[in-house]
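Following: one structure in structure tokens, then a few remarks.
Heavy-atom basis, side chains included; hydrogens, waters and symmetry copies ignored. Just so it is clear, the structure is predicted and the values come from calculations on it, not from any experiment. Naming: A, B, ... by sequence-line order, numbering from 1 per chain.
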Amino acid sequence: MAEDEASEGARGDRTAKGRTGEGRKAEGRTTEGRTHPAPGQAREYRVAELARKAGITERTLRFYRERGLIPPPRREGRIAWYDDHHLARLRTISALLERGHTLSGIADLTSAFESGRDAGEALGLVEPTEETPVRLTPEALADHFAGEVTPENLAAALELGYVTVSGEEIVHISRRLLEVSASLVREGVPLADVLAAGREVREHADALAALFADVLRTHTALKDADRLRPLAKAVVDAELSLALDRRLTQEP
DNA sequence: ATTCTTACA
DNA sequence: TGTAAGGA
């Protein structure tokens, strides 16, 4: 929130040279030839500037870097250059700290982010499905689950493939699953239990899918698979309803 | 002289 | 996590 972008060039800084001929990305140029500082401009910051923008001290920034909580900066001789990616990461860290997370926990989360990103890209999570992915910021995800987005839970969600990391945003693989999970948490179910249940459901669903695929493969043409797909979902939906009736009415 | 690292408190 | 000291 409280960002002081304007104060950057306003004050007479102690470094008279400023940027030492750094080949920066192209500025937002209008047709009139004027350049204006676009918000969220992709530029680089030295340590002191990044720390100011992130609202932390230089020492803390260095500390985070030693713990591997932020990626190493671009080194130009002795000077460390950070970019907006680092800034976004620092803001996420601050937000998580305010939510009571520990530094080591955030370090786990960070490594989970990176491993999850690699795993997601390696596995090529492109599946033909009706489920629509939803993009959201880490903060938005935390809001969905009432502060239950612990590093452990996030790692589990990454493991399950529920969420992947895309740049600085998180992608949940299914809007329906996201909303249902959030609802369960709001109803008082711990997110860890939701994820554990999700893992079991995943296994049973895989078994059901294998069963239907087998039946369809042996008795119908392969080109009919897509057309018959809703039948399989209807069967499971109906059977689950009946099973829930039995469970929730017979047992007190 | 400035920026960053190391080490100590 | 602050700070003093030293290397580049």
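Each ring-ring contact (aromatic ring centres under 6.0 Å, His included) pair with one or both residues in residues 156-191 of chain A, not counting sequence neighbours, appears once here: A:Y162-A:H172. Applying the side chain to side chain donor-acceptor pair (under 3.5 Å) test to residues at least two apart or on different chains, the pairs with a partner in residues 177-189 of chain A are A:R175-A:E179, A:S183-A:R186.
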*A:R46 and A:E49: salt bridge (Lys or Arg N to Asp or Glu O under 4.0 Å), yes or no, with the steps?*
CA-CA 5 Å; A:R46 55 196 182 283; A:E49 191 178 4; 3.4 Å; yes

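Proximity of a side-chain donor or acceptor of A:H204 to a complementary backbone N or O of A:V201 within less than 3.5 Å is not detected.
Stem list for DNA chain C (at least 3 consecutive Watson-Crick or G-U pairs, distances under 3.5 Å): B:4-9 with C:1-6.
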Run the side-chain donor-acceptor check on residues 193-200 of chain A: report pairs under 3.5 Å with partners two or more places apart or on a different chain.
| from | atom 1 | to | atom 2 | distance (Å) |
| --- | --- | --- | --- | --- |
| A:R199 | NH1 | A:E203 | OE2 | 2.9 |

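Each of A:L177, A:L154, A:V134 was checked for a side chain to side chain contact (heavy atoms under 4.5 Å, CB included) with A:V163, and the lone residue meeting it is A:L154.
Residue-environment remark: CD (A:E159) stays at or below the threshold of 12 foreign heavy atoms within 6.0 Å.
Atom CZ in A:R46 sits roughly 10 Å away from atom C1' in B:dT3 (whole-Å rounding). The separation between A:Y82 atom OH and B:dT3 atom P is 14 Å, rounded to whole Å.
The ring pair (Phe, Tyr, Trp, His ring centres under 6.0 Å) test applied to A:F145 returns no partner, not counting sequence neighbours.
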*Would you give a per-nucleotide map of nucleotides 1-8 of chain C, 5' to 3', where B means the base has a protein non-hydrogen atom under 4.0 Å away, S means only the sugar-phosphate does, and - means neither?*
BBB----B

